[in-house]
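Worksheet: the structure to be examined is printed underneath.
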Amino acid sequence: MSKVRPTIADVATRAGVSKGAVSFALNGRPGLAQATVDRILAAADELGWRPSNRARSLSVSKAFALGLVITRDPAVLSSDPFFPAFIAGVESVLAPRGQALVLQVVTPGEEEAVGYRRLAQDGRVDGIFLSDLRHDDPRIDLLVELGLPAVTLNRPEGSSPFPAVCLDDRPGTIAVVEHLLELGHRRIGHVAGPPAFVHATARSDAFVSALAEAGLEPVAIEVSDFTAAGGTEATRRLLALPEPPTAIVYANDRMAIAGIGAAHQAGLRVPSDVSIAGFDDSELAEFVHPGLTTVRADPFGFGAAAAQTLNRLIDGDGEVPDVELPPARLVIRRSTATPASQ
């Protein structure tokens, strides 16, 4: 038999006050003596009373939910190293506040815009996390039009009225290249992410600029899609060059781990014949053979900071500034070594 959920009336009876006084105390409104507030809160705690999100939303015109719209293939998303950890970080902030995360996975284009419009029109969320920023991203103007508060994950290229939570990928990418140069590599290739994404372009630009500082150019840059299959095909193309690279830098770990497999299939040893480095420091990076040299970001911290910032914006805590997170950093493992020859 299910336990009957306590009501505000039950709390009022236990505390010896009116239901109106309970409502004032539980919603933090002024007008009650502190001793009365303490007695009401103690009564609520003793009874195990918890607010109903539906009732709260009706009383204060809030959904008590934040939205995340992801434009990825669901099959690809299931093995993505970033979003599960990011979502866990978001939930670490939302759960104690009694908030929910509304997640939509859509395809880019009209379906994506419809998803945002539906969230706004149905009043299902109080704000949005804007991820996977793109060049000339149309979603910023769309969210302004819809009147939805938002936080962007990193800064967009153009102007934006929304605060940004920023994790700079460039220092980590530059550190990977410098590490390979110190090992003696001069023929270095790159497997990049989709050029439509600002963060993918930032990583590629950092790779090129780090080589340029050493007076070098990339052997080649293969554009891929952050997937294992894409990483495999890009690696095969690089290894088939007349003068293949002695080291390859990948835009994420999933492509890099697939690249290790592609190198093995080609009869090459990692790192003796080719060094491989990734980006993300996903869980598997430490346990593949050889352990993957990579760049450690903090998607959990990214998610927590984004949720805190978006809640500050929704709660009206004055002007909400951008947040700068510690930059990504190099983690050296056994997939990189001195080249056998140049």
Side-chain angles (χ1 to χ4, degrees), residues 52-54 56-57 62-134 137-140 142-154 156 160 162-167 193-194 196-200 225-227 252-254 280 282-283 297-315 323 325:
S52 159
N53 275 359
R54 177 172 174 80
R56 292 165 72 201
S57 64
K62 278 190 175 183
F64 293 95
L66 306 181
L68 175 63
V69 179
I70 301 176
T71 53
R72 300 283 182 94
D73 182 335
V76 171
L77 189 63
S78 65
S79 59
D80 185 276
F82 174 81
F83 280 109
F86 175 83
I87 289 170
V90 169
E91 289 286 4
S92 74
V93 174
L94 268 54
R97 291 172 56 107
Q99 294 174 294
L101 178 66
V102 177
L103 175 65
Q104 289 192 3
V105 180
V106 300
T107 56
E110 291 185 9
E111 183 181 343
E112 181 182 25
V114 168
Y116 284 108
R117 291 186 183 280
R118 187 180 298 117
L119 287 176
Q121 292 165 359
D122 294 348
R124 294 174 60 193
V125 299
D126 301 314
I128 290 287
F129 300 104
L130 199 59
S131 66
D132 285 341
L133 293 179
R134 300 159 205 159
D137 202 318
R139 296 174 298 169
I140 292 174
L142 174 62
L143 293 178
V144 171
E145 173 195 333
L146 295 174
L148 273 176
V151 162
T152 62
L153 306 187
N154 285 315
S160 168
F162 305 125
V165 178
C166 307
L167 195 159
F197 292 155
V198 172
H199 67 283
D225 58 0
F226 286 144
T227 68
N252 76 349
D253 282 357
R254 185 161 42 175
D280 285 324
S282 56
E283 183 178 6
D298 181 12
F300 183 93
F302 205 170
Q308 291 163 354
T309 303
L310 185 51
N311 272 325
R312 287 185 60 195
L313 185 65
I314 293 166
D315 292 343
V323 176
L325 299 176

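Note that these values count all heavy atoms, side chains included, but never hydrogens, waters or copies made by symmetry.
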Considering all heavy atoms, the nearest [X]-[Y] contact:
X: Val93; Y: Ala304; result: CG2-O, 3.5 Å
X: Pro163; Y: Leu313; result: CD-CD2, 3.9 Å
X: Ala85; Y: Pro299; result: CB-CG, 3.6 Å
X: Gly89; Y: Ser92; result: O-OG, 2.6 Å

Applying side-chain contact (heavy atoms from CB on, under 4.5 Å), name anything that partners [X], two or more places apart in sequence or on another chain.
X: Val144; result: Pro161, Phe162
X: Ala164; result: Thr152, Arg155, Cys166, Asp322
X: Glu91; result: Ile87, Leu94, Leu101

Hey, what do you get for [atom1] ([X]) to [atom2] ([Y]), rounding to the nearest 0.5 Å?
X: Leu130; Y: Leu148; atom1: CG; atom2: CG; result: 11.0 Å
X: Tyr116; Y: Leu146; atom1: OH; atom2: CG; result: 10.5 Å
X: Ile128; Y: Leu66; atom1: CD1; atom2: CG; result: 8.5 Å
X: Glu112; Y: Thr71; atom1: CD; atom2: OG1; result: 5.0 Å

Under the side-chain hydrogen bond (donor to acceptor under 3.5 Å, both in side chains) test, which residues partner [X], sequence neighbours left out?
X: Ser282; answer: Asp253
X: Arg117; answer: Glu145
X: Asp137; answer: Arg139
X: Asp132; answer: Arg72

Gln104 and its side chain to side chain contact (heavy atoms under 4.5 Å, CB included) partner, picked from Leu119, Val114, Ile70: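 Considering Leu119, Val114, Ile70, a side chain to side chain contact (heavy atoms under 4.5 Å, CB included) with Gln104 is found only for Leu119.
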Main-chain N/O of Pro156 paired with Ser160 side-chain donor or acceptor, under 3.5 Å: no
Close aromatic pair by centroid cut-off 6.0 Å: His199 and Phe226: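 Close enough - the centres of the two rings lie under 6.0 Å apart.
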Between Asp126 and Gln99: side-chain donor-acceptor atoms closer than 3.5 Å: no
Lys/Arg N to Asp/Glu carboxylate O, Glu283 vs Arg254, below 4.0 Å: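 No, Glu283 and Arg254 are not salt-bridged.
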Aromatic ring pairing Phe86/Phe82, orientation class (parallel under 30°, perpendicular over 60°, tilted between):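 Correct class here is parallel.
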